[in-house]
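Throughout, residue positions are numbered sequentially from 1 according to the sequence presented. Computed from heavy atoms alone, side chains included, the values below leave out hydrogens, waters and symmetry copies. If you're wondering where the values come from, they're calculated on a predicted model, not measured in any experiment.
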Amino acid sequence: MNKHQKLALFIAPLLMIIGYIASDYYIESQAHESKLFVLQTEGECDVLNKQCVLSSGEFKLSVFDVEGRTTINSTFPLDAVTLFIVDEKSIATPYGLKQQQTAYYWDAETPVRNMIGNSALPLKLRVIARVKGGQYISEF
């Protein structure tokens, strides 16, 4: 074995480690780029009976209301969540949800329960959930 082959055997593992670290940095930088995803409802959305699931691939949001507190539960930790209540004139009222104990659960007091019970018209809700650089949106 000559000196070039010995040098190559010595450097190859170092280059593999450096390449692995560099690819990790590249993938992480790609994750923080701004992306937009649309969440689809899985069946009918019944917020009052805890049967409203929104999904996009492996990402899922569960939206429900218990005694005037609207809660959103997600499969991945969220950075921020905003819920919009849209009235019959298409005017949206935003409600910024606050994180509970973990970044998987967010809630706020909203008039969703009263508006669903008192309105003859179907209520429209919009959700914008932010995860790193991605925004997940839905209207249901």
If you measure from CG on Asp65 to OG1 on Thr70, what distance do you get to the nearest 0.5 Å? 4.0 Å
Cluster check Tyr95, Phe140: I/L/V/M/F/W/Y, side chain < 4.5 angstrom: yes
Would you mind reporting whether Pro94 and Ile128 have side-chain heavy atoms less than 4.5 Å apart? no
Lys50: what forms a side chain to side chain donor-acceptor pair (under 3.5 Å) with it, not counting sequence neighbours? none
Under the rule for salt bridge (charged side-chain N to carboxylate O under 4.0 Å, His left out), what residues qualify as partners of Glu139, not counting sequence neighbours? Lys124, Arg126
Does Leu36 reach the side chain of Ile137, with side-chain heavy atoms less than 4.5 Å apart? yes
In this structure, are over 12 heavy atoms from other groups packed under 6.0 Å from Glu44 atom CD? no
Please identify each residue that fulfils ring-ring contact (aromatic ring centres under 6.0 Å, His included) with Phe37, with sequence neighbours left out. Tyr136
Would Val63 and Leu54 count as a side-chain contact (heavy atoms from CB on, under 4.5 Å) here? Give the steps. CA-CA 8 Å; Val63 183; Leu54 310 170; 4.1 Å; yes
May I have the step-by-step check of side-chain contact (heavy atoms from CB on, under 4.5 Å) for Phe59 and Leu39, ending in yes or no? CA-CA 9 Å; Phe59 182 76; Leu39 295 166; 3.7 Å; yes
Report the residues that fulfil side chain to side chain donor-acceptor pair (under 3.5 Å) with Gln51, sequence neighbours left out, ordered by chain and then residue number. none
Going from CE on Met1 to NZ on Lys3, what distance comes out if it is rounded to the nearest 0.5 angstrom? 15.0 Å
So the disulfide (SG to SG under 2.5 Å) pairs with at least one residue in residues 56-109 (sequence neighbours excluded) are none
By salt bridge (charged side-chain N to carboxylate O under 4.0 Å, His left out), Lys98 pairs with (sequence neighbours left out) none
Partner set under side chain to side chain donor-acceptor pair (under 3.5 Å) for Thr41, not counting sequence neighbours: none
dist Cys45:SG -> Leu125:CG (nearest 0.5 Å) comes out at 8.5 Å
May I ask whether Phe64 and Trp106 are part of the same hydrophobic cluster, defined by side-chain heavy atoms of I, L, V, M, F, W, Y residues being less than 4.5 angstrom apart, directly or through others? no
From Glu109 CD over to Arg69 CZ, what is the distance, rounded to the nearest 0.5 angstrom? 5.0 Å
Could you grab the distance from atom CG of Asp24 to atom OG of Ser29, nearest 0.5 Å is fine? 10.0 Å
Joint cluster assignment, Ile85 & Leu61, ILVMFWY side-chain distance < 4.5 Å: yes
How far apart are the closest heavy atoms of Ser74 and Ala103, and which atoms are they? OG-O, 4.2 Å
Which other residues end up in the same hydrophobic cluster as Ile11, if Ile, Leu, Val, Met, Phe, Trp and Tyr are linked when side-chain heavy atoms come under 4.5 Å apart? Leu7, Phe10, Leu14, Leu15
Mind jotting down which residue pairs meet the disulfide (SG to SG under 2.5 Å) criterion with at least one end in residues 55-116? Sequence neighbours excluded, please. none
Under the side chain to side chain donor-acceptor pair (under 3.5 Å) test, which residues partner Asn49, sequence neighbours left out? Asp46
Measure from the side-chain N and O atoms of Thr75 to the backbone N and O of Lys60, and report whether any donor-acceptor pair falls under 3.5 Å. yes
Considering only Ile, Leu, Val, Met, Phe, Trp and Tyr, and joining two whenever side-chain heavy atoms are under 4.5 Å apart, list the other residues clustered with Tyr104. Tyr105
Kindly list each side-chain donor-acceptor pair under 3.5 angstrom involving residues 77-84, sequence neighbours excluded, with atom names and distances?
{"residue": "Asp79", "atom": "OD2", "partner": "Lys132", "partner atom": "N", "Å": "2.6"}

